Amino acid sequence: MKNKKITRKITQGVYVLTTLSGGCIVDAVSQVSAGDNPLIAVAVMKKNYTNDLMHKNNTFALSVLGKNVNPEIIKTFGLNSMRDIDKFAEIKTNEVEGLNIIDDSLGYMICEKIDSIENETHTLFIGKLIEADVYKDEEAMSYGYYQEHKDELLKVKTEKGKTAWVCLACGYVYYGEELPNDFECPVCGVDATMFEKK
């Protein structure tokens with residue numbers, strides 16, 4: 001593969017996926033059918049704790065993030081694991097159908113899980129839309145916009161005097177003079193080619 005950064009040009013949004021007891025940032029979300037209860041698909045990395053929770057639960061929610069979203073939401077849900085912190089402790093949410101919805105979002109979709117498909121790195125969960133609402137009529141954040149502005153959004157800080165390698169996908173920081181060739185980001189799973197030396 002020559003340059004997989006071209007995948008950033010695929011038009012997709014940025015969302016907070018929540019289910020019972022957890023949640024994370026996702027970008028691979030698609031509507032895959034129409035009708036009164038369209039099907040919504042979301043891909044979740046297998047290494048992610050939320051993947052485990054999605055297998056255990058029957059419903060999930062997607063809060064749609066706008067361009068003006070509080071960056072703390074992206075940092076909290078994108079750079080941490082529910083294994084380590086309670087992501088809902090500092091982020092304002094409201095409960096709909098028993099699931100946490102992000103207050104500072106453009107709106108939400110709640111789905112009843114009907115199927116899942118496994119591949120090497122992710123699980124594709126498919127749900128039937130059962131509840132939805134629009135909070136704000138503003139422009140949604142695209143994945144391309146996130147990539148262009150992630151330095152401002154994440155404001156990754158590195159320790160002075162140390163060589164840091166920053167994940168271009170999620171902002172995780174690895175310290176060391178050299179980054180191992182087989183290194184994978186422990187947060188988002190991308191390989192060493194997606195790290196930049198700072």
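These numbers were taken from a predicted model, which means no experiment stands behind them. Basis for what follows: all heavy atoms, side chains included, without hydrogens, waters or symmetry-related copies.
- For the atom pair SG (C111) and CD1 (I130), the distance works out to 7.5 Å, reported to the nearest 0.5 Å.
- Side-chain atoms of L62 and V26, non-hydrogen and from C-beta on, do get closer than 4.5 Å to each other.
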- Does the side-chain contact (heavy atoms from CB on, under 4.5 Å) test come out yes or no for N51 and F125, once each step is laid out? CA-CA 9 Å; N51 187 295; F125 294 98; 4.1 Å; yes
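- Taking 4.5 Å as the limit, every side-chain heavy atom of V173 sits out of range of all side-chain heavy atoms of K198.
- When atom types are taken as modelled, the side chain of T19 and the backbone of T59 share a donor-acceptor pair closer than 3.5 angstrom.
- Atoms NZ and OG, from K47 and S81 in turn, are 13.5 Å apart once rounded to the nearest 0.5 Å.
- Sequence neighbours left out, the pairs with a member in residues 82-95 that pass salt bridge (charged side-chain N to carboxylate O under 4.0 Å, His left out) are D52-R83.
- A 4.5 Å side-chain heavy-atom check between E139 and Y145 finds every atom pair outside the cut-off.
- Criterion: ILVMFWY side-chain heavy atoms under 4.5 Å apart, direct or through other members. Under it, L129 and I126 are not part of a common hydrophobic cluster.
- At least one side-chain heavy atom of D133 sits less than 4.5 Å from a side-chain heavy atom of Y108.
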Item to complete: Would you sort out whether T163 and E178 count as a side-chain contact (heavy atoms from CB on, under 4.5 Å), showing the intermediate values?
Response: CA-CA 8 Å; T163 301; E178 296 297 329; over 6 Å; no
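- Taking CD of Q147 as the reference point, atom CG of L153 lies at 10.5 Å (rounded to 0.5 Å).
- Applying side chain to side chain contact (heavy atoms under 4.5 Å, CB included) to Y146 and the options V69, V14, I25 leaves one that passes, V14.
- Side-chain atoms of N57 come within 3.5 Å of backbone atoms of L20 as a donor-acceptor pair (strictly under, hydrogens ignored).
- Using modelled atom types, no side-chain atom of D27 and backbone atom of G13 make a donor-acceptor pair closer than 3.5 Å.
- A chain of hydrophobic side-chain contacts below 4.5 Å, direct or via other Ile, Leu, Val, Met, Phe, Trp or Tyr residues, connects L39 to I117.
- Shortest non-hydrogen contact noted between S21 and M82 is O-CE, 3.3 Å.
- For the residue pair N100/T18, the side-chain donor-acceptor check at 3.5 Å is not satisfied.
- Linking ILVMFWY side-chain heavy atoms closer than 4.5 Å, directly or via other members, places Y143 and I73 in a single hydrophobic cluster.
- Between the CD atom in E131 and the CD atom in E112 there is a gap of 13.0 Å [rounded to 0.5 Å].
- Applying the 6.0 Å contact sphere to CG of N119 captures more than 12 heavy atoms from other residues, nucleotides or ligands.
- Legend: residues meeting salt bridge (Lys or Arg N to Asp or Glu O under 4.0 Å) with E120, ordered by chain and number and at least two apart, are absent.
- Nearest heavy-atom pair, G22 versus L53, reported as atom, atom and distance to 0.1 Å: CA-CD1, 3.5 Å.
- Here the side chains of Y49 and C24 are not in contact, with every heavy-atom distance at 4.5 Å or above.
- Under a 3.5 Å cut-off, the side chain of K113 and the backbone N or O of M54 do form a donor-acceptor pair.
- Side chains of I91 and F77 form a contact here, defined as non-hydrogen atoms less than 4.5 Å apart.
- Side-chain N or O atoms of S105 include none that pairs as donor or acceptor with a backbone N or O of S63 at under 3.5 Å.
- Ring pair Y174/F183 is tilted by interplanar angle, where 30° to 60° counts as tilted.
- How far CG of D103 is from CG of N70: 11.5 Å, rounded to the nearest 0.5 Å.
- A192 approaches N181 most closely through the heavy-atom pair CB-O, 3.7 Å.
- Note: the hydrophobic cluster containing I40 also contains V42 (ILVMFWY, side chain heavy atoms under 4.5 Å, direct or indirect links).
- I101 and F60 fall into different hydrophobic clusters, where Ile, Leu, Val, Met, Phe, Trp and Tyr residues are linked whenever their side-chain heavy atoms come under 4.5 Å apart, directly or through other members.
- T123 and E118 share a donor-acceptor pair across their side chains, judged by distance under 3.5 Å alone.
- Closest approach of Y135 to I102, counting heavy atoms only: CE1-O, 3.9 Å.
- Using a 4.5 Å heavy-atom cutoff, the side chains of L106 and L65 are not in contact.
- In this structure, C167 and C185 approach most closely via the heavy-atom pair SG-SG, 4.0 Å.
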